[in-house]
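Input: a single structure, listed below in structure tokens.
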Amino acid sequence: MFSFFKGLASGKEITKENLAPILEKTKEALVTKNVAAEIADNLCASLEESLIGEKVGTFTGVAGRVREALEAALTRILSPARNIDILREVQHAQTQGRPYTIAVCGVNVVGKSTNLAKLCFWLLKNNLRVLVAACDTFRAGAVEQLRVHERCLNESFGVDGEDGVMLYQQGYGKDAANIAADAITFAKDARRDVVLIDTAGRMQDNEPLMRSLAKLVKLNNPDLVLFVGEALVGNEAVDQVKKFNQALADYSDQAHPRLIDGIILTKFDTIDDKVGAAISMTYITGQPIVFVGTGQTYKDLRKLNVKAVVQSLIK
Amino acid sequence: MVLADLGRKITGALRSMANASVIDEEVLDAMLKEICGALLASDVNVKLVANLRKNIKAAVNFDDMASGLNKRKIIQKAVFDELCKLVDPGVKPFQPVKGKSNVLMFVGLQGSGKTTTCTKVAYQYQKRGWKTCLICADTFRAGAFDQLKQNATKAKIPFYGSYTEADPVIIAEEGVNRFKAEKYEIIIVDTSGRHKQEAELFEEMLQISNAVQPDNTIFVMDATIGQAAEAQARAFKEKVDVGSVIVTKLDGHARGGGALSAVAATNSPIIYLGTGEHLEDLEKFATQPFISKLLGLGDMSGLIDM
Ligand SMILES: Nc1nc2c(ncn2[C@@H]2O[C@H](COP(=O)(O)OP(=O)(O)OP(=O)(O)O)[C@@H](O)[C@H]2O)c(=O)[nH]1
Ligand SMILES: Nc1nc2c(ncn2[C@@H]2O[C@H](COP(=O)(O)OP(=O)(O)OP(=O)(O)O)[C@@H](O)[C@H]2O)c(=O)[nH]1
Ligand SMILES: [Mg+2]
Ligand SMILES: [Mg+2]
């Protein structure tokens with residue numbers, strides 16, 4: 001009696017066969033939205049695993065059920081466990097009488113320095129006193145770039161370096177880890193609230209440069225290590241975050257090495273609905289997207305709108 | 001090296017087909033599935049991949065194929081041709097004229113590698129005896145002029161720019177006029193990074209272009225870009241008359257497929273590949289050697305003899 005009604009209400013059973021063409025389409029749709037192929041594959045495989053054998057009502061249909069499950073999976077990926085509340089963490093550091101430190105890292109020209117400046121803008125808006133440590137001692141113009149930001153940021157708040165942002169720099173060629181250490185010491189003495197450490201862009205395969213990043217992180221143990229990645233990047237996103245984490249782990253010689261704590265996803269304004277890099281990066285790291293860069297002015301730093309991203313992906 | 005992973009997967013797919021005892025539709029489909037999967041994993045545009053699959057299927061028609069024909073070779077050739085088509089629009093690249101002022105304007109997304117590549121290209125020309133110079137028409141990115149200046153100084157290339165003038169159109173025009181008067185042969189104009197979503201920046205690019213009347217507009221795209229590449233490339237082409245493409249950051253691990261999609265979107269040939277951060281890290285691009293390298297030299301002879 002019961003099973004008869006159940007049968008009526010639930011219609012079709014999901015099988016490998018009726019699922020296959022839908023998953024094929026799903027994968028293509030995800031890849032079109034710039035989700036890395038490998039991750040689109042993984043996602044579809046786990047959808048398959050969880051859905052086979054399920055009974056679906058005639059209204060939802062297999063396709064509808066896949067969509068539902070995909071939406072849930074994507075939302076889960078984009079909403080990692082750790083919630084990073086920078087302002088609160090800064091307050092906490094203040095009570096300990098030390099500056100809160102954030103290091104940004106990533107491959108070349110993804111927007112580390114620009115978004116560090118935006119982050120600084122946001123901190124200044126919250127009446128915090130910031131020190132920017134110029135630890136990109138490699139790329140031509142890197143220090144001057146931060147100098148310009150220092151000036152513009154202080155001007156836009158009508159403050160001087162004392163109450164606003166100060167640049168700490170030792171020019172080019174020197175060891176970044178040591179400059180960061182000096183900057184933090186300086187910040188402590190000068191009672192700055194936050195130290196923002198800018199680092200040189202580096203390709204994830206460049207061993208010497210990756211070692212030097214690991215050294216910087218190990219020596220200075222920043223409160224927050226942010227990976228800066230471009231929303232434009234395709235399949236390479238996976239390799240980038242994997243290898244940055246790998247390098248931080250391998251080259252630190254520590255039992256519990258510091259890894260990427262969070263992500264800044266930049267150039268989000270250049271990709272229309274091709275938002276897949278957000279998935280690729282969070283899927284691999286399991287860490288949240290702390291900020292999204294949405295343009296080239298100081299105000300263009302947002303929180304990730306998980307719902308909107310998921311909608312773009314399943315549209 | 002360059003796209004090694006993709007090459008390996010494609011040759012692998014071709015080889016597994018060659019090993020099949022009978023070659024039929026099913027074998028072809030399996031091979032195409034592998035190849036297309038590899039292309040997608042290398043960021044090649046989804047639509048271009050679908051086209052490639054369709055074209056190869058059309059080129060290999062089992063019903064019409066006389067039994068004596070070598071199916072393997074026909075299929076291999078179809079794959080090779082389609083891969084070539086992907087990177088070759090069939091348009092001749094721009095050739096500068098000696099003794100004349102040739103203005104090359106670099107455009108592209110933020111951080112694609114324009115400034116670095118400008119100096120590399122200038123350096124190549126200078127080495128080959130052209131009277132070469134650089135102009136920084138990027139007043140947007142903080143420190144942009146310092147960057148170009150430091151690069152140009154290192155390469156001993158004359159440059160022009162300004163710390164005070166905020167209008168890139170004026171700088172570009174003044175620089176080009178000055179260098180033209182001084183009979184420079186290769187005048188390279190670097191511009192700010194920009195993207196199609198910001199109309200003002202695109203308009204500015206058009207104004208610079210109108211002011212300097214470039215002989216060749218070079219679109220620089222980096223090898224890590226994914227599926228957003230096509231729409232951006234198309235938009236640049238629609239705004240200014242892109243004539244060439246340079247793909248940067250093809251050293252290391254990059255996939256390059258997204259950038260290759262710019263060829264179809266702009267109908268312009270790739271002229272160079274950027275393969276490193278240093279001045280010398282620039283390779284001339286040629287389709288056939290590129291694809292044969294992609295597929296591994298060994299398999300090349302077999303494909304080319306057809
Ligand atoms: N459209 C857009 N452009 C951005 C964004 N963030 C940064 N950019 C641009 O990207 C380019 C590179 O930015 P930088 O901040 O210098 O990048 P970086 O990672 O510090 O670069 P390196 O230090 O050379 O490795 C600049 O042209 C920025 O204006 C963003 O959110 N949107
Ligand atoms: N590994 C590698 N790095 C490259 C290559 N070309 C450029 N780069 C690096 O990419 C970064 C950005 O290059 P830029 O030349 O500043 O880029 P851009 O397009 O001028 O950037 P914007 O002016 O901000 O739009 C620099 O760190 C370069 O060293 C390349 O072929 N290989
Ligand atoms: Mg930087
Ligand atoms: Mg530049």
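No hydrogens, no waters, no symmetry mates; every other heavy atom, side chains included, goes into these values. The sequence lines fix the lettering, A, B, ..., with proteins before strands; numbering per chain opens at 1.
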Go through the atoms of A/A140 and report whether side chain, backbone, both or neither lie under 4.5 Å from a heavy atom of chain B.
->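 Contact with chain B is through both the backbone and side chain of A/A140.
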
Just do the side-chain contact (heavy atoms from CB on, under 4.5 Å) check on B/I225 and A/V233 with the steps written out, would you?
-> CA-CA 4 Å; B/I225 194 168; A/V233 69; over 6 Å; no

Can you tell which part of B/L148 gets under 4.5 Å to a heavy atom of chain A, answering side chain, backbone, both or neither?
->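 Neither part.
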
Given a strict heavy-atom distance threshold of 4.5 Å, which part of B/F140 is in contact with chain A: side chain, backbone, both, or neither?
->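 For B/F140, side-chain heavy atoms alone lie under 4.5 Å from chain A.
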
State, to 0.1 Å, how close A/A37 and B/A41 come at their nearest heavy-atom pair, and which atoms those are.
->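 In terms of heavy atoms, the two residues are closest at CB-CA, 3.8 Å.
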
Mind checking ring pair (Phe, Tyr, Trp, His ring centres under 6.0 Å) for A/F268 and listing every partner two or more places apart, or none if nothing turns up?
->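 Ring pair (Phe, Tyr, Trp, His ring centres under 6.0 Å) list for A/F268, sorted by chain: empty.
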
I'd like a table of all donor-acceptor pairs linking chain A to chain B (distance under 3.5 Å, no angle check), giving the atom names and the distance to one decimal.
| from | atom 1 | to | atom 2 | distance (Å) |
| --- | --- | --- | --- | --- |
| A/N34 | OD1 | B/Q227 | N | 3.0 |
| A/G141 | N | B/Q150 | OE1 | 3.3 |
| A/L232 | O | B/G226 | N | 2.9 |
| A/G234 | N | B/T224 | O | 2.9 |
| A/N235 | N | B/D43 | OD1 | 2.8 |
| A/N235 | N | B/D43 | OD2 | 3.2 |
| A/N235 | ND2 | B/L40 | O | 3.1 |
| A/N235 | ND2 | B/A41 | O | 3.3 |
| A/N235 | ND2 | B/D43 | OD1 | 2.6 |
| A/E236 | OE1 | B/H253 | ND1 | 3.2 |
| A/D239 | OD2 | B/H253 | ND1 | 3.2 |
| A/K267 | NZ | B/Q110 | O | 2.9 |
| A/D269 | OD2 | B/H195 | NE2 | 2.9 |
| A/T270 | O | B/Q197 | NE2 | 3.1 |
| A/T270 | O | B/Q232 | NE2 | 2.8 |
| A/D272 | OD1 | B/Q197 | NE2 | 2.8 |
| A/D272 | OD2 | B/K196 | NZ | 2.6 |

